[in-house]
Amino acid sequence: MEISRDASPQSLDFVIRIFLERGFFMSRRKRRRWGILPALEAGAADSQSGAGSLGDATEEGAPIVPEPKVFKELLVNYGHHESRLAILEDGQLVEFYIDREDEDQAAGNIYKGRVENVLPGMRAAFVNLGMEKNAFLYVDDALAEERDRKKSRSIQDVVRVGQDIVVQVAKEPIGNKGARVTTNVSLPGRYLVLTPYSDTIGVSRRIDTERERERLRAVAEKMRPKGMGLIVRTVAEGASQRALSRDLAYLRRLWARVRRKARTVKAPQVLHREASLIARTIRDHMDESVDRFIIDDPHAYARAKEIAASLSPELRNRIELYQSEIPLFEVRGVEAELDRAVKRRVWLKCGGYLVIDETEALTVIDVNTGKNVGTTDLSDTVLATNKEAATEIARQLRLRDISGIIVVDFIDMENEADQDEMLKTFQRSLRGDRTRVTVLGLTRLGLLEMTRKKVRESLLNQLTRVCPECDGRGHILSEDVVVRRFRQRIVDKLRETGAESILVEAHPTVASHLIGPGGMNLKELERETNRAVFVRGSNDCDMQDLKIIRIGTRAEVEALALPVREGDKIHVIVEERHASNPKNGIARVAGYVIDIEAGGHRVGDKVNVEIVRALRTFATGRLIASQSVSEDALDPIVDTAGVPER
């Protein structure tokens with residue numbers, strides 16, 4: 001079937017209906033070429049323009065069935081010290097924000113700062129904003145008030161030490177780096193962003209209907225203040241000129257207040273703070289795509305209703321108050337999803353999985369088939385896994401707020417058509433991301449390279465802290481390496497002091513390796529040093545810590561090392577079953593192991609024990625009938641793991 005491109009809209013409508021009746025489906029490229037796709041995506045904005053197109057013939061039935069609408073919800077858990085926003089799409093968590101009372105959210109704030117240092121070698125200056133660390137101002141970000149920025153200038157020609165300067169935080173302080181600031185101030189409103197030091201007009205790239213883009217650009221150009229610029233936000237699609245004018249008037253008043261305050265206050269000082277979590281949520285996220293906005297606090301709910309009445313009165317009825325004893329985030333599964341969001345491995349429904357590693361320089365994501373063995377051939381299995389992985393990676397980038405350089409190692413695909421299909425799936429999944437994303441494509445090694453704009457700390461860094469044990473490496477020295485080092489320290493200490501005996505304390509796992517099966521390693525150490533060595537385990541010690549408790553004569557050290565003697569009757573808690581003999585139980589007194597015969601079934605109980613044998617590394621005891629023992633008579637107990645074998 002051939003169709004003339006000069007055909008009338010009426011004849012084309014007839015052809016489209018024939019295609020639908022016969023079950024044909026036009027590709028996206030063909031729909032765009034014939035003018036169908038833009039009209040379908042335009043929505044209400046195009047209907048106001050009055051221009052006729054193929055997509056306007058909806059009264060007789062839409063020519064193309066639109067993609068299923070995502071059910072979008074905004075959930076706010078409001079607290080006095082911390083408020084949290086969760087964005088769900090079809091019940092799945094896709095974005096998460098935290099607003100803590102004791103941590104100022106700096107991004108978007110405007111400050112009057114003072115230049116502390118000017119570094120020509122870095123083409124940058126450091127500005128005191130009153131924060132813990134000075135902010136970084138690059139030379140290109142310091143030229144906002146200069147209209148002609150084509151000519152390169154040195155930083156010392158732009159700012160000087162001691163100069164007061166008005167800047168806006170473009171990037172939060174991250175790690176040990178201070179905030180990044182710019183003099184190119186921008187003030188976001190509901191529909192517009194006012195840029196006082198730029199005279200350009202911009203329209204959100206997410207508004208993809210050309211007619212609507214041109215309409216908004218013309219309206220913005222008409223109302224643009226002299227010498228200033230405007231950026232039209234995505235939510236402005238379909239908005240009236242009156243609504244845009246009202247938003248602009250608010251932004252101009254806000255900028256006037258900032259300028260007045262800048263003239264009167266001394267640096268460093270905050271001139272303007274970003275809105276609260278509730279206000280930001282309504283301003284930046286509350287639009288026609290949102291089906292429900294649920295808040296679990298009555299005061300925050302009332303405030304949200306009040307803000308929505310001025311910004312989006314038509315959406316006020318979508319704001320709901322959650323009232324239940326069970327926390328909102330627990331009911332909706334947000335807490336469980338957050339627990340998964342900080343884990344390194346992410347499982348896919350097909351059985352494959354992702355491994356996400358965030359480093360200082362970049363983030364690496366590895367895709368694996370895992371348990372997915374497929375049902376047909378290998379190429380189909382790999383393609384299906386990669387496509388599902390692409391969709392999940394796009395969600396994880398938004399949820400974890402991963403930014404900077406990102407490298408994805410998809411499963412190798414030799415077929416270029418499969419690679420293209422996977423890339424299209426990935427780019428389609430990235431459309432919902434409000435942060436600027438640039439996909440650079442696949443390298444020769446099959447790695448996908450991309451970047452995502454960095455504004456704040458990732459979710460991982462917001463919810464966790466660096467492990468003090470491994471310093472964030474995820475690895476610690478093995479027991480064998482630690483034991484070898486501890487042995488040498490013991491040998492050196494005995495050689496240095498010339499003492500007869502030594503008592504050391506280490507983590508129970510390390511102590512077990514030092515002693516060895518049946519005390520074999522300890523005996524070897526004593527033969528090497530010709531000294532008496534006593535070792536006991538303690539949970540107070542880290543894996544890489546060795547505490548020297550006592551050095552002296554054998555009698556002095558042994559009296560301290562062996563807290564019990566044969567015939568002693570003590571009251572202890574059975575902590576666990578014996579590692580190699582589950583019938584027996586294990587208790588500890590000051591790190592000294594008590595092996596209780598037939599005590600395995602008494603784990604967690606307080607029992608009376610009589611010591612029948614006391615050795616240098618452990619003692620053997622037997623259960624005796626209960627008798628009154630005061631709490632003051634309890635020996636110190638240390639929880640531990642790892643029991644030396646007899």
[X] and [Y]: side-chain donor and acceptor closer than 3.5 Å?
| X | Y | result |
| --- | --- | --- |
| Asn109 | Glu274 | no |
| Glu358 | Ser458 | yes |
| Ser289 | Asp287 | yes |
| Asn128 | Arg114 | no |
| Ser154 | Arg123 | no |

Looking at [Y] and [X], is any side-chain nitrogen of the basic one under 4.0 Å from a carboxylate oxygen of the acidic one?
| X | Y | value |
| --- | --- | --- |
| Asp401 | Arg452 | yes |
| Glu172 | Arg180 | no |
| Arg217 | Glu212 | no |
| Arg398 | Glu89 | yes |

query = Does Lys387 have any salt bridge (Lys or Arg N to Asp or Glu O under 4.0 Å) partners at least two apart in sequence or in another chain, and if so, which?
reply = Glu421
Got [X] and [Y] here, is their nearest side-chain heavy-atom distance under 4.5 Å?
| X | Y | answer |
| --- | --- | --- |
| Asp199 | Met228 | no |
| Val76 | Ile278 | yes |
| Leu192 | Met223 | yes |

Could you note down all residue pairs passing ring pair (Phe, Tyr, Trp, His ring centres under 6.0 Å) where [range] supplies at least one of them, sequence neighbours left out?
| range | answer |
| --- | --- |
| residues 215-247 | none |
| residues 215-234 | none |
| residues 201-258 | Tyr197-Trp255 |
| residues 273-294 | Tyr97-His285 |

inquiry  = Please enumerate all residues that pass side-chain hydrogen bond (donor to acceptor under 3.5 Å, both in side chains) together with Asp284, with sequence neighbours excluded.
reply    = Arg233
Considering all heavy atoms, the nearest Arg340-Glu337 contact = NH2-OE1, 2.7 Å
query = Can you check whether Ser186's main-chain N or O pairs, donor with acceptor, with Gln168's side chain at less than 3.5 Å?
reply = yes
